[in-house]
Peer 1: 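Please see the structure below; I have some questions.
If you're wondering where the values come from, they're calculated on a predicted model, not measured in any experiment. Chain letters run A, B, ... following the sequence lines, proteins first and then strands; every chain starts at 1.
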There are 2 protein chains.
Amino acid sequence: MKNSPLTKFIQKSIPLNKIDVEEIASSFRLKEFKKGDYFLKENQISNDYFYLYKGLMRTYLYDLNGNQITTDFFTENNIVFEVTSFFNRVHSETNIQTITDCTGYRISYEELNTLFHNKPTFRDFGRAILVKEFIASKKRVYAMINQTAEERYQNLLVSKPEILKNSPLKYIASYLGITDSTLSRIRQNIS
Amino acid sequence: MKNSPLTKFIQKSIPLNKIDVEEIASSFRLKEFKKGDYFLKENQISNDYFYLYKGLMRTYLYDLNGNQITTDFFTENNIVFEVTSFFNRVHSETNIQTITDCTGYRISYEELNTLFHNKPTFRDFGRAILVKEFIASKKRVYAMINQTAEERYQNLLVSKPEILKNSPLKYIASYLGITDSTLSRIRQNIS
DNA sequence: GATGGCACTTGACAAAAGGCAAGAAATTAA
DNA sequence: TTAATTTCTTGCCTTTTGTCAAGTGCCATC
């Protein structure tokens, strides 16, 4: 496990001595997914705290007309879990599904709490992840308020090109808050 | 301080024995604001963790054209602070300003950390607040994606009428992601 | 290499929202 | 109370985005 991507990820997030990081990282276990597999299905309780090393996932739910709305993507080198369900121990309203094959390291809710208990400074890691995702969500709200769909697309193009490369257009469209047709026209417009 | 709104708020958020709650609540100190006062100005570091007992605040920033964008409101019986700046100890990009006179109880960043240290279970309170705000932000993204401006307005009317009562229309408009003119027309349409 | 099913594009029209400016209404200050 | 300022409304026209439907291209697979 030494020098694994996970230990690097933890060390980048918070200052911790190497011995602790190794011990923490070794509590995580390898997990692999095939393209299209579900990390979480609605009505389940999100129980895995997952470091995504390779691959791409999305989270989606259904609107009142039964259409899938992709509300978020998870890219490499991020933690995947459904906050509401994971921390509040309630049934998830959303699905998390892989878009490509995925590899990473998982730990359960109970194991994470044990870790928080045994390594109090690791709590700061948990908080840092939470804060990071929260900030991302706030930026997304801001973008929805005062950017046009085209600007949002252009920004995504620059900041997360791996999404555009691997995800079907319809997922990206609903993530940007527009229809497939509009996104298709935006693309045409740019090229 | 016994049976103060703050102790009730804490007890509603997490299970804690009365003695601890009293001790925690007594670490907070009363703070009052006049209408229009700033709780936080951009470029400052958010240092107050504030339980808002009475009143209404908003957080705003400037877009590229120099227009104020109100990204969020803080209503009674909520914790007010700027996550990014408060937890990451960086300069805030946003302002938090009162819309009405406000009353509440504050604690500093250092005091909060001391409290987390002395009362480990109180950490769960901190996390619960963070999770709650995060969930609210995600719901907001979802609303921006698949609701019309009118639906978002109607929902706000039901869920947070105190905002509509006390906030100027232009703040609400940018919060909903539309212009004042459009919001004015939506209102007209409804009545 | 035909067939079916997605994924994506495109056209014609409709609906939603914005820009700008004038004016009414309300609030604040003098 | 009056004047000044801000807030809100409204009209006219433009831009953005949506809806629906048809059509193209690309795989998968049998």
Side-chain angles (χ1 to χ4, degrees), chain A residues 34-36 56 58 60 63-70 73 97-101 140-157 161-191, chain B residues 34-37 56 58 60 62-70 73 97-101 140-157 161-191:
Chain A
K34 288 280 161 211
K35 173 180 176 174
L56 179 65
R58 66 164 181 140
Y60 74 89
D63 69 11
L64 297 173
N65 304 317
N67 305 309
Q68 288 188 1
I69 309 290
T70 297
F73 290 100
Q97 185 187 27
T98 64
I99 294 174
T100 65
D101 291 354
R140 210 152 130 51
V141 169
Y142 179 74
M144 293 300 294
I145 287 179
N146 70 75
Q147 289 180 354
T148 63
E150 182 161 342
E151 288 170 324
R152 295 198 296 276
Y153 178 77
Q154 296 263 26
N155 286 342
L156 193 65
L157 200 65
E162 67 270 38
I163 293 177
L164 303 192
K165 265 176 216 127
N166 294 302
S167 173
L169 169 140
K170 61 179 175 175
Y171 297 169
I172 301 167
S174 74
Y175 173 79
L176 294 174
I178 55 179
T179 59
D180 332 11
S181 314
T182 301
L183 179 50
S184 183
R185 288 184 182 108
I186 286 173
R187 275 181 157 176
Q188 182 196 36
N189 217 35
I190 286 168
S191 64
Chain B
K34 287 280 161 212
K35 173 179 176 175
D37 283 355
L56 179 65
R58 64 165 184 143
Y60 73 89
Y62 292 90
D63 69 11
L64 297 173
N65 304 317
N67 306 309
Q68 288 188 1
I69 309 291
T70 297
F73 291 99
Q97 186 187 27
T98 63
I99 294 174
T100 64
D101 290 354
R140 209 151 130 53
V141 169
Y142 179 75
M144 293 299 295
I145 288 180
N146 70 73
Q147 290 180 354
T148 64
E150 181 161 342
E151 287 170 324
R152 295 198 295 276
Y153 177 77
Q154 297 261 26
N155 286 343
L156 193 64
L157 199 65
E162 66 270 38
I163 293 177
L164 304 193
K165 265 176 218 128
N166 294 302
S167 173
L169 169 141
K170 60 179 177 178
Y171 298 168
I172 301 166
S174 74
Y175 173 79
L176 294 174
I178 55 179
T179 58
D180 335 9
S181 313
T182 300
L183 179 51
S184 182
R185 286 182 184 110
I186 286 172
R187 275 181 158 176
Q188 182 196 36
N189 219 33
I190 286 168
S191 63

Peer 1: For A:Y60, give me all partners under ring-ring contact (aromatic ring centres under 6.0 Å, His included), at least two apart in sequence or on another chain.
Peer 2: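 A:Y60 satisfies ring-ring contact (aromatic ring centres under 6.0 Å, His included) with A:Y62 only.
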Peer 1: Measure the shortest side-chain to side-chain distance between A:S174 and A:K170 over non-hydrogen atoms and say whether it is less than 4.5 angstrom.
Peer 2: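 Heavy-atom side-chain distance check fails, nothing below 4.5 Å.
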Peer 1: With sequence neighbours excluded, what pairs up with A:Q147 under the side chain to side chain contact (heavy atoms under 4.5 Å, CB included) test?
Peer 2: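 With sequence neighbours excluded, A:Q147 shows a side chain to side chain contact (heavy atoms under 4.5 Å, CB included) to A:A143, A:E151, A:R152, A:N155, given in chain and number order.
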Peer 1: Applying side-chain hydrogen bond (donor to acceptor under 3.5 Å, both in side chains), can you list everything that pairs with B:T182, at least two apart in sequence or on another chain?
Peer 2: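 B:T182: side-chain hydrogen bond (donor to acceptor under 3.5 Å, both in side chains) contacts with B:T179.
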Peer 1: Could you tell me if the side chain of A:S167 sits less than 4.5 Å from the side chain of A:T70, heavy atoms only?
Peer 2: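 The answer is no, as the side chains (C-beta and beyond) never meet within the 4.5 Å cut-off.
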Peer 1: B:Y142: what forms a ring-ring contact (aromatic ring centres under 6.0 Å, His included) with it, not counting sequence neighbours?
Peer 2: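 Partners of B:Y142 by the ring-ring contact (aromatic ring centres under 6.0 Å, His included) criterion come out as none, since no residue qualifies.
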Peer 1: To the nearest Å, give me how far apart CD1 (B:I190) and P (D:dC8) are.
Peer 2: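 In whole Å, D:dC8 P lies 16 Å from B:I190 CD1.
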Peer 1: Cation-pi check, A:R58 to A:F73: give yes when NZ or CZ is under 6.0 Å from the six-membered ring centre and within 45° of the ring axis, no otherwise.
Peer 2: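 That pair does not qualify as a cation-pi contact.
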Peer 1: Between A:S181 and A:R185, is a side-chain contact (heavy atoms from CB on, under 4.5 Å) present by the stated rule, with each step listed?
Peer 2: CA-CA 6 Å; A:S181 314; A:R185 288 184 182 108; 3.7 Å; yes
Peer 1: Can you tell me the distance, in whole Å, between the OH atom of B:Y171 and the P atom of D:dC8?
Peer 2: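 Interatomic distance, OH of B:Y171 to P of D:dC8: 9 Å.
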Peer 1: Quick one: side-chain hydrogen bond (donor to acceptor under 3.5 Å, both in side chains) partners of B:D101, sequence neighbours excluded?
Peer 2: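 For B:D101, no residue satisfies side-chain hydrogen bond (donor to acceptor under 3.5 Å, both in side chains) once neighbours in sequence are set aside.
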Peer 1: Between A:K165 and A:P161, is any pair of side-chain heavy atoms under 4.5 Å apart?
Peer 2: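 Yes; the side chains approach each other to less than 4.5 Å.
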Peer 1: Taking five pairs at each end of the helix from C:dG1-D:dC30 to C:dA30-D:dT1, what angle separates the two helix axes (nearest 10°)?
Peer 2: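 Overall, the helix from C:dG1-D:dC30 to C:dA30-D:dT1 bends by 50° from one end axis to the other.
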Peer 1: How about B:L56 and B:I163: do any of their side-chain heavy atoms sit closer than 4.5 Å?
Peer 2: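 Yes; the side chains approach each other to less than 4.5 Å.
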Peer 1: On DNA chain C, which is the earliest and which the latest nucleotide, 5' to 3', with an atom closer than 4.0 Å to a heavy atom of chain B?
Peer 2: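 Using the under 4.0 Å cut-off, the span is C:dA17 to C:dT28.
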Peer 1: If you take any heavy atom closer than 4.0 Å to DNA chain D, which residues from residues 175-186 of chain A end up in contact?
Peer 2: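 DNA chain D contact set from residues 175-186 of chain A: A:G177, A:I178, A:T179, A:S181, A:T182, A:R185.
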Peer 1: Name all residues meeting the side chain to side chain contact (heavy atoms under 4.5 Å, CB included) criterion together with A:I190; count only those two or more places apart in sequence or in a different chain, and write none if there are none.
Peer 2: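 A:I190 satisfies side chain to side chain contact (heavy atoms under 4.5 Å, CB included) with A:E150, A:Y153, A:Q154, A:I186 once adjacent residues are dropped.
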Peer 1: Quick one: does A:I145's side chain get under 4.5 Å of B:Y175's, heavy atoms only?
Peer 2: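 Side-chain contact under 4.5 Å: no.
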Peer 1: Which residues satisfy the side-chain hydrogen bond (donor to acceptor under 3.5 Å, both in side chains) test with B:D63, sequence neighbours excluded?
Peer 2: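 Listed in chain order: B:N67.
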Peer 1: Less than 4.5 Å apart, any side-chain heavy atom of A:L176 and any of A:M144?
Peer 2: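 When only atoms from C-beta onward are counted, A:M144 and A:L176 do not touch, as no gap falls below 4.5 Å.
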Peer 1: Within the 4.0 Å limit for protein heavy atoms, which parts of nucleotides 25-30 of chain D are touched? Write it as a string from 5' to 3', B for base, S for sugar-phosphate only, - for none.
Peer 2: ------
Peer 1: Would you jot down, in residue-number order, the residues of residues 142-153 of chain A having a non-hydrogen atom under 4.0 Å from DNA chain C?
Peer 2: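 Here the set is empty: none.
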